[in-house]
There are 2 protein chains.
Amino acid sequence: MRIRKTAEVRQAEIIDAALRLAARLGPERLTTEAIADAVGLTQPGVFRHFPTKQKLWEAVAARIGSMMETRWSKAQSPEDSPSSQLRAVVVAQLRLIQATPAIPAILFSRELHTQNEALRKYFLQLLGRFHGLVAEFVGRAKEVGEVRRDLEPDDAAYLIVSLVQGLAVRWSISARAFDLTGEGSRLLEVQLSGFRRARRGGRR
Amino acid sequence: MRIRKTAEVRQAEIIDAALRLAARLGPERLTTEAIADAVGLTQPGVFRHFPTKQKLWEAVAARIGSMMETRWSKAQSPEDSPSSQLRAVVVAQLRLIQATPAIPAILFSRELHTQNEALRKYFLQLLGRFHGLVAEFVGRAKEVGEVRRDLEPDDAAYLIVSLVQGLAVRWSISARAFDLTGEGSRLLEVQLSGFRRARRGGRR
DNA sequence: TTAGTTAGTGATAGAGTGCTAACTAAAGGA
DNA sequence: TCCTTTAGTTAGCACTCTATCACTAACTAA
């Protein structure tokens with residue numbers, strides 16, 4: 001009854017299970033036993049592949065990071081306008097969160113940050129990269145006249161990043177009761193409309 | 001050496017301690033022992049005042065709720081313009097979060113929500129009331145011409161609430177490395193500038 | 001075959017953690 | 001002054017969870 005797999009495969013399975021379960025139980029209630037059950041191992045078997053639980057969390061964080069980077073780069077298509085690419089990147093991020101609800105749960109977990117400083121810094125950098133990406137598109141949109149001249153790209157990017165995070169918070173507290181990507185796209189348009197130069201003096 | 005206080009006073013002390021400690025340890029790592037130490041009781045002494053830990057969390061939630069409502073109503077001054085009052089309410093919220101960093105920690109805690117459905121619903125309602133308040137001010141600002149005619153107050157309010165929450169997330173992950181209220185006020189102005197009717201066709 | 005490597009198991013240590021039960025002592029009115 | 005009420009203590013139960021350790025069995029190359 002002992003199913004044996006390579007360490008590489010098992011590690012991936014364990015990380016996957018951790019991501020799935022962290023969304024349901026909350027990151028702090030995620031036990032090595034629960035992971036082991038989901039993967040089909042005994043509890044100590046998990047420690048064959050990760051020396052401590054902290055290291056497991058770091059691997060999970062790295063997986064989240066690489067998922068994000070992958071989607072961001074796939075969402076960009078240089079032939080499109082800056083604002084279109086901006087939309088695509090934000091929508092990609094929303095879709096990823098909707099498909100992997102553990103992401104906000106882990107990202108917002110105070111416990112993980114106080115207990116694991118490396119993790120906190122990693123997520124801070126990751127958020128910083130998302131912000132930088134968004135700011136770059138806003139900057140280019142400004143150059144081609146898609147947004148107001150007086151708009152600071154960094155500030156605009158903060159508003160957009162906040163839009164995603166605030167929405168993720170509401171989605172999480174609402175027990176995921178609405179379509180994150182749909183609602184996000186809608187609100188993004190409202191946000192972008194405020195960034196544009198008003199035509200006709202602002203009366204519709 | 002036995003210091004004896006009325007139940008009312010002790011309950012307040014326990015809730016205060018829980019709020020202080022939840023910010024430092026994270027809500028899920030907050031133990032009854034840590035609370036007892038902070039308050040000057042033995043661990044079982046806490047259970048004299050709250051029958052279960054869940055009930056304690058509910059009391060903490062109620063305290064957060066009443067703190068918010070108090071600040072919101074104090075921030076309103078009917079003689080001011082709608083947009084000024086909007087600013088005041090948002091700044092009051094930011095100040096409260098900065099003074100009580102446990103609020104985002106508790107609000108964003110996946111564990112508390114999965115384990116205590118009543119708590120999740122309470123926070124959902126609380127957020128809903130904040131959204132409603134903001135939406136009302138946007139609506140009035142619209143009536144007096146302080147914001148664009150084509151702006152949906154509900155949507156604008158979602159953007160503003162997200163601004164606060166997204167900022168709280170960043171503040172928390174950054175280890176509270178910046179001035180929440182200052183940064184929030186600055187970004188709120190950027191947001192509001194996008195809600196206004198542009199003068200002179202949008203060129204500064 | 002055989003020997004070495006490595007994934008996985010059973011048993012269990014050891015440190016918490018919520019909560020209960022029985023007892024104690026301070027407060028305050030009759 | 002006694003007596004009731006009630007805040008607080010000591011001792012400990014039941015359970016959870018990470019991590020260790022000795023051992024086993026599957027793969028792999030000589």
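Naming convention: chains lettered A, B, ... in sequence-line order (proteins, then strands); numbering from 1 in each chain. All figures in this text were calculated on a predicted structure; none of them were measured in a lab. What you see below is based on every heavy atom in this structure, not just the backbone, and it leaves out hydrogens, waters and symmetry mates.
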Sorted by chain and number, sequence neighbours left out, side chain to side chain contact (heavy atoms under 4.5 Å, CB included) with A/Thr31 holds for A/Glu33, A/Ala34

Hits for side chain to side chain contact (heavy atoms under 4.5 Å, CB included) against A/Ser193, two or more places apart or cross-chain, chain-then-number order -> A/Arg196, B/Arg148

message = Taking 4.0 Å as the cut-off, does a side-chain nitrogen or oxygen of A/Thr32 come that near to OP1 or OP2 on D/dC17?
response = no

Salt bridge (Lys or Arg N to Asp or Glu O under 4.0 Å) filter on B/Glu111, not counting sequence neighbours, yields none

A/Ile14 CD1 to C/dA7 C1', in whole Å, measures 11 Å

What pairs of donor and acceptor atoms, side-chain ones from residues 164-172 of chain A against any protein atom, are under 3.5 angstrom apart with sequence neighbours left out?
residue, atom, partner, partner atom, Å
A/Arg170, NH2, A/Glu183, OE2, 3.2
A/Trp171, NE1, A/Phe178, O, 3.0

A/Lys5 atom NZ is separated from C/dA7 atom C1', nearest whole Å, by 12 Å

Salt bridge (Lys or Arg N to Asp or Glu O under 4.0 Å) filter on A/Glu146, not counting sequence neighbours, yields none

The answer to which of A/Gln54 and B/Ala7 contacts DNA chain D further toward the 5' end, by nearest nucleotide, is B/Ala7

Are B/Arg10 and D/dG8 close enough that a side-chain N or O sits under 4.0 Å from OP1 or OP2?
yes

Taken to the nearest whole Å, CD/B/Gln11 to P/D/dG8 is 10 Å

Shortest non-hydrogen pair, B/Trp72 vs B/Leu126, comes out as CH2-O, 3.8 Å

For B/Arg71, the salt bridge (Lys or Arg N to Asp or Glu O under 4.0 Å) test, sequence neighbours excluded, returns none

Residue pairs meeting salt bridge (charged side-chain N to carboxylate O under 4.0 Å, His left out), one or both in residues 86-102 of chain B, sequence neighbours left out, come to B/Arg87-B/Glu189

Residues 54-65 of chain A vs salt bridge (charged side-chain N to carboxylate O under 4.0 Å, His left out), sequence neighbours excluded, gives A/Asp16-A/Arg63, A/Lys55-A/Glu58

Overall bend of the helix from C/dT1-D/dA30 to C/dA30-D/dT1 (five pairs an end, 10° steps) is 0°

Here the residues of residues 33-53 of chain A within 4.0 Å heavy-atom distance, strictly under, of DNA chain C are A/Leu41, A/Thr42, A/Pro44, A/Gly45, A/Arg48, A/His49

Practice problem: Please determine if A/Glu143 and A/Arg140 form a salt bridge, counting it only when a charged side-chain N lies under 4.0 Å from a carboxylate O. | Solution: no

Among D/dA7, D/dT18, C/dA7, the one nearest any side-chain atom of A/Arg4 is C/dA7

At 4.0 Å (heavy atoms only), tell me whether A/Leu56 reaches a base, stays on the sugar-phosphate, or touches nothing.
nothing

For residues 35-50 of chain A, which side-chain donor-acceptor pairs fall under 3.5 Å, sequence neighbours excluded?
residue, atom, partner, partner atom, Å
A/Gln43, NE2, A/Thr32, OG1, 3.1

To the nearest angstrom, the CG-P distance between B/Leu25 and C/dT17 comes to 10 Å

Residues of residues 16-24 of chain B with a heavy atom under 4.0 Å from any atom of DNA chain D, listed by number, are none

